[in-house]
Amino acid sequence: MQLTDRPEWQDLRNHFETVKNLHLRDLFATDPERGSVYAISVTDVYLDYSKNRITADTLPKLMTLARACNLEPARDAMFRGDKINTTENRAVLHTALRSSSSDPLIVDGQDIRPAIKAELEKMTSFATAVRDGTWLGYSGKPLKNIINIGIGGSDLGPVMVTEALKAYSQHDIHLGFVSNIDANNFVEATRGLDPAETLFIIASKTFSTDETMTNAQTARDWLLATANDEAVIAKHFVALSTQTDKVTAFGIDPANMFSFWDWVGGRYSLTSAIGLSIMIAIGPDNFKELLAGFETMDEHFRTAPLEENMPVIMALLGVWYSNFFGAETEAILPYDQYLHRFPAYFQQGNMESNGKSVTKAGAAVNYSTGPIVWGEPGTNGQHAFYQLIHQGTHLIPADFIGTIKPINKLGEHHRKLTANLLAQTKALAFGKTANELTAEGVAPELVSHKTFRGNHPTNTLLLSSLTPRSLGQLIALYEHKIFVQGIIWDINSFDQWGVELGKVLATDIYQQLASSQAEGGDSSTTNLLRQFLD
Ligand code: G6Q
């Protein structure tokens, strides 16, 4: 049955008509306890969702819809290892990477737990050797520059987490990332580095992604230009991949390869071998803490009743705004500079997972699916784009993420940062009326310009402090939110066919450029090719 034909959907439509004009000012006025009633915590993460445009009836109705969409069996199927990524015939088991359970988990007739454990141990020995300086480069020097070459899911997670956990990282290790096929990226990431002290981590699930392979080849040439001996590759290159043959063909010793499996999606892979750069930066103990944090949220998601389930609540609120209020975007606004890449990470997480317009059965949907996700850290965003959220014409639900205890205690910074977070969510919810402005003596001609209509929904997420453990919980929270929404929208959140066409066309166009031809197949592409070739 099409989602919009479900009686539960129709019921929500009717309910929306009764809620759409209610103002958060009135909802708070009529329920003085609202701020503590609409709140939930899971270990280190506290969620206040009281500033959402919901009444006591809204979430129960959304929960009924979720049950009608078989959310609970779908969740069980994912954790059990069913091949829920149907278009690629794959299981979706990133949760197994951080599970401490030793109960067999069978994929294609094999228990996957021992291999996960073995890989983690292999990563641990290698990361320890790099960190303590016993892994030596060709000239006998320890490797203090670590460059991860990867893109998309093989880049964004390590970048985001190593930035988030910078305070936990070993400071004499320099970490760099090369993702873009643009030479500028490679040149700047390696500028001034001594090849004799540089380790390249080639991170690619398929080991065939053009950007990564091109950068890896350039890295090889860069190293050999100084080292002049193919044998040094073994000391300066490691691979993170599922493809042993391709890694070997590139010249990397399989002994220096860290494996993962086809049931780990790229954008869900940071707790697999793809996290090697993270482990080198923060150390194996902190990496295990990160995994433990993930597991806490995984277990909460797997076992908590829907009504008390944080990822489910956040997901359903997202559905409420996307599908009933017609919101097209969602902002993620971390009030912690260390989380500055968190919005970008979940931009991919959301948009690649739920940017789909056909159902699992291949039928066109007649409702909105994944929203446009974006964001920047507060308070920078306040001086940039918050104007539009406050007074523009779009409805933009936003998640504000703060930390209660700061990592760097410096003067009044943290109190001021927190004050800004709380002030913004308050201003967005309650606004400022024309009457209030007039009473304050604002000139009549300025009243409409200075009015804040408010009623902008926000979630406030507070971490007790930013630690590997709390970060793991936060990431898993958003991962499972995406999963829940995919189930409601009846789409496959785990494939990404939409990235393919551009890749194929780029190969053709590259041939044109390489052979100095300008046959673009359409007049715009042909003309643009001429601009380059002339
Ligand atoms: C993520 C996507 C995508 C992928 C990159 C890199 O879910 O599949 O972002 O991670 O295209 O792919 P490789 O790791 O195979 O190089």
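Counting starts at 1 for both ligands and their atoms, in listed order.
No salt bridge links Arg302 with Asp76; every basic N to acidic carboxylate O contact stays at or beyond 4.0 Å.
Taking the six-membered ring for Trp and the full ring otherwise, His236 and Tyr138 have centroids separated by under 6.0 Å.
Ligand 1 has a nitrogen or oxygen under 3.5 angstrom from a nitrogen or oxygen of Gly153. For the pair Arg267 and ligand 1, the shortest N or O to N or O distance falls below 3.5 Å. The shortest N or O to N or O distance between Gln348 and ligand 1 is below 3.5 Å.
Regarding atom 3 (C) of ligand 1, its nearest protein heavy-atom neighbour is Glu352 OE1, 3.7 Å. Ranking the protein heavy atoms by distance from atom 15 (O) of ligand 1 puts Thr206 OG1, 2.6 Å first. Looking only at protein heavy atoms, the nearest one to atom 5 (C) of ligand 1 is Ile151 O, 3.5 Å. Of the protein's non-hydrogen atoms, the one nearest atom 12 (O) of ligand 1 is Thr209 OG1, 3.5 Å.
Leu463 places none of its side-chain heavy atoms less than 4.5 Å from the side chain of Asp44.
A donor-acceptor contact closer than 3.5 angstrom links the side chains of Asp298 and His480. No hydrogens or angles considered: a donor-acceptor pair under 3.5 Å links the side chains of Asn492 and Asn85.
Judged by the 6.0 Å distance and 45° axis criteria, Arg267 is not positioned over the aromatic ring of Tyr345. Under the 6.0 Å distance and 45° angle rule, Lys122 counts as a cation-pi partner of Phe258.
Listed by number with element, the atoms of ligand 1 under 4.0 angstrom from any heavy atom of Ser204 are 13 (P), 14 (O), 15 (O), 16 (O). Within the listing of ligand 1, atoms 7 (O), 8 (O) sit less than 4.0 angstrom from a heavy atom of Gln496. Atom numbering of ligand 1 starts at 1 in the shown order; those under 4.0 Å from a heavy atom of Gly152 are 9 (O). Annotation for ligand 1: atoms under 4.0 Å from non-hydrogen atoms of Gly266 are 1 (C), 7 (O), 10 (O).
Counting all heavy atoms, side chain and backbone alike, Ile202 lies closest to Met213 at CG2-CE, 4.1 Å.
For atom 7 (O) of ligand 1, a protein heavy-atom neighbour is present inside the 4.0 Å cut-off.
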